[in-house]
**Q** 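One structure, pasted below without further comment.
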Amino acid sequence: MPRMFAPLTALLLVAAPLGAQSASPIVGKWTVEWEIGRRVENGVPSPIRATGLMTVVASGDSLLATVEVTKRSDEQPLNKPVTIPGRTTAAGASFVQRSEARLNMNGESMVREAIQTWTVRANGDQLEGSLAREIVGLQINAEPTPITGKRVTG
């Protein structure tokens with residue numbers, strides 16, 4: 001009987017370090033700051049900044065980020081938290097969020113699909129990255145904007 005346990009013990013000792021190596025450094029809770037949107041009046045864009053909490057968990061071979069806005073620079077009502085699917089990349093992680101954008105262009109209201117790609121990397125307890133935006137059917141020529149954050153400890 002003792003021989004049957006030896007291979008199982010060896011397997012457990014080998015599997016534990018491999019699992020630890022695959023954990024993404026992005027997993028955890030972060031306070032984050034980013035540009036949540038822009039208001040454009042008479043062709044002049046004004047960024048709308050947000051602060052919030054991003055909680056990243058591993059889900060199988062994927063990641064899930066739940067983002068909760070806690071403050072907006074335009075003082076508009078806060079949105080409900082959103083969960084964004086993502087994946088680990090060589091540089092960190094990438095999350096793709098799809099939502100509806102409500103636009104008013106020259107007095108015409110419209111709703112379009114908006115795609116926001118969050119590209120982030122952890123450096124110890126610091127988070128940095130960028131947020132790229134696309135509005136389906138419109139050419140918005142917006143450069144990616146920075147995302148910064150700090151790991152929540154305790």
Side-chain angles (χ1 to χ4, degrees), residues 10-41 43-105 110-154:
L11 178 62
L12 291 174
L13 291 174
V14 170
L18 291 176
Q21 289 176 350
S22 65
S24 173
I26 200 77
V27 170
K29 288 187 178 184
W30 303 87
T31 56
V32 289
E33 295 182 21
W34 74 102
E35 183 179 299
I36 196 168
R38 288 186 182 184
R39 181 181 186 99
V40 180
E41 289 187 57
V44 178
S46 299
I48 302 168
R49 304 286 304 160
T51 57
L53 183 66
M54 174 187 272
T55 304
V56 180
V57 297
S59 177
D61 63 351
S62 300
L63 298 171
L64 293 173
T66 300
V67 179
E68 179 182 2
V69 178
T70 57
K71 184 178 179 185
R72 292 174 54 120
S73 64
D74 63 356
E75 300 180 2
Q76 289 295 310
L78 304 179
N79 299 342
K80 293 180 183 177
V82 295
T83 299
I84 310 167
R87 61 183 170 76
T88 302
T89 65
S94 178
F95 300 91
V96 178
Q97 177 184 8
R98 296 179 181 275
S99 60
E100 286 187 346
R102 300 187 191 297
L103 309 167
N104 185 332
M105 298 177 66
M110 64 181 82
V111 176
R112 297 282 172 99
E113 180 183 22
I115 303 169
Q116 298 89 27
T117 302
W118 300 64
T119 304
V120 293
R121 65 195 154 281
N123 184 7
D125 287 342
Q126 300 296 311
L127 183 76
E128 57 185 22
S130 63
L131 179 61
R133 290 186 172 78
E134 173 187 352
I135 298 178
V136 176
L138 293 178
Q139 186 173 354
I140 58 174
N141 296 327
E143 292 292 321
T145 57
I147 300 168
T148 59
K150 292 183 180 181
R151 188 178 299 275
V152 175
T153 57

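Along the sequence shown, the residues carry numbers beginning at 1.
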**Q** Over all heavy atoms of both residues, which pair between W30 and A122 is shortest? Give the atoms and the distance, please.
**A**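 So the two residues come closest at CH2-CB, 3.8 Å.
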**Q** When rounded to the nearest 0.5 angstrom, what distance separates CD1 in I36 from CD in Q76?
**A**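 Reported to 0.5 Å precision, the distance equals 10.5 Å.
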**Q** Hey, are the side chains of T66 and L64 touching, using non-hydrogen atoms and a 4.5 Å cut-off?
**A**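 Of all side-chain heavy-atom pairs linking L64 with T66, none is under 4.5 Å.
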**Q** Does P45 have any side-chain contact (heavy atoms from CB on, under 4.5 Å) partners at least two apart in sequence or in another chain, and if so, which?
**A**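 With sequence neighbours excluded, P45 shows a side-chain contact (heavy atoms from CB on, under 4.5 Å) to R38, V40, given in chain and number order.
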**Q** Hey, could you give me the CZ/CG distance between R72 and L78, rounded to the nearest 0.5 Å?
**A**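 It comes to 7.5 Å.
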**Q** Is the shortest heavy-atom distance from the side chain of E100 to the side chain of E113 under 4.5 Å?
**A**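 In short, these two side chains do not touch, never coming nearer than 4.5 Å.
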**Q** Mind checking side-chain contact (heavy atoms from CB on, under 4.5 Å) for K150 and listing every partner two or more places apart, or none if nothing turns up?
**A**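 With neighbours one apart ignored, the set is T31, Q126.
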**Q** Do you know the tightest heavy-atom contact between W34 and L131?
**A**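 So the two residues come closest at CD1-CD2, 3.7 Å.
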**Q** Looking at S62, is its backbone amide N or carbonyl O close enough to the side chain of S59 to form a donor-acceptor pair, meaning the two atoms are under 3.5 Å apart?
**A**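 No, because the side chain of S59 does not come within donor-acceptor range (under 3.5 Å) of the backbone of S62.
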**Q** Show your reasoning for whether side-chain contact (heavy atoms from CB on, under 4.5 Å) applies to S130 and T145.
**A** CA-CA 5 Å; S130 63; T145 57; over 6 Å; no
**Q** Sequence neighbours excluded, which residues qualify as side-chain contact (heavy atoms from CB on, under 4.5 Å) partners of R121?
**A**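 R121 satisfies side-chain contact (heavy atoms from CB on, under 4.5 Å) with E128 once adjacent residues are dropped.
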**Q** Can you list the steps and then say if Q116 with S99 is a side-chain contact (heavy atoms from CB on, under 4.5 Å)?
**A** CA-CA 8 Å; Q116 298 89 27; S99 60; 3.6 Å; yes
**Q** Does any non-hydrogen side-chain atom of P81 lie less than 4.5 Å from one of V67?
**A**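 A side-chain contact under 4.5 Å is absent here.
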**Q** Return the minimal non-hydrogen interatomic distance between A93 and I26, and the atom names on each side.
**A**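 A93 and I26 have their closest heavy atoms at CB-CG2, 4.0 Å.
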**Q** Spell out, as yes or no, whether a donor-acceptor pair under 3.5 Å connects the side chain of T70 to the backbone of T51.
**A**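 Indeed, once roles are kept as given, a pair shorter than 3.5 Å links the two residues.
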**Q** Which value, rounded to the nearest 0.5 Å, describes the distance between E134 atom CD and Q139 atom CD?
**A**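 Those atoms lie 11.0 Å apart.
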**Q** Given side chains that start at C-beta, do those of R133 and I115 come closer than 4.5 Å, heavy atoms only?
**A**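 No. Closest side-chain heavy atoms not under 4.5 Å.
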**Q** Of the non-hydrogen atoms in G124 and R151, which two are nearest, and what is the gap between them?
**A**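 Smallest interatomic distance, heavy atoms only, reads O-NH2, 3.6 Å.
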**Q** Is there a side-chain contact between W118 and I84 in this structure, where contact means two heavy atoms from C-beta onward sitting under 4.5 Å apart?
**A**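 A side-chain contact exists here, since the closest heavy-atom pair is under 4.5 Å.
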**Q** Is there a side-chain contact between R49 and E33, using heavy atoms and a 4.5 Å cut-off?
**A**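 Answer yes - side chains close enough.
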**Q** Looking at every non-hydrogen atom in both residues, tell me the closest pair between P47 and S73 and how far apart they are.
**A**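 Taking every non-hydrogen atom into account, O-OG, 4.2 Å.
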**Q** Are any non-hydrogen side-chain atoms of F95 and L63 less than 4.5 angstrom apart?
**A**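 Heavy-atom side-chain distance check passes, below 4.5 Å.
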**Q** If we only count heavy atoms from C-beta on, is the L127 to V32 side-chain gap below 4.5 Å?
**A**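 Yes. Closest side-chain heavy atoms under 4.5 Å.
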**Q** To check you understand the geometry: which heavy-atom pair defines the closest contact between R112 and I135, and what is its length?
**A**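 Heavy atoms only, the tightest pair is CB-CG2, 3.5 Å.
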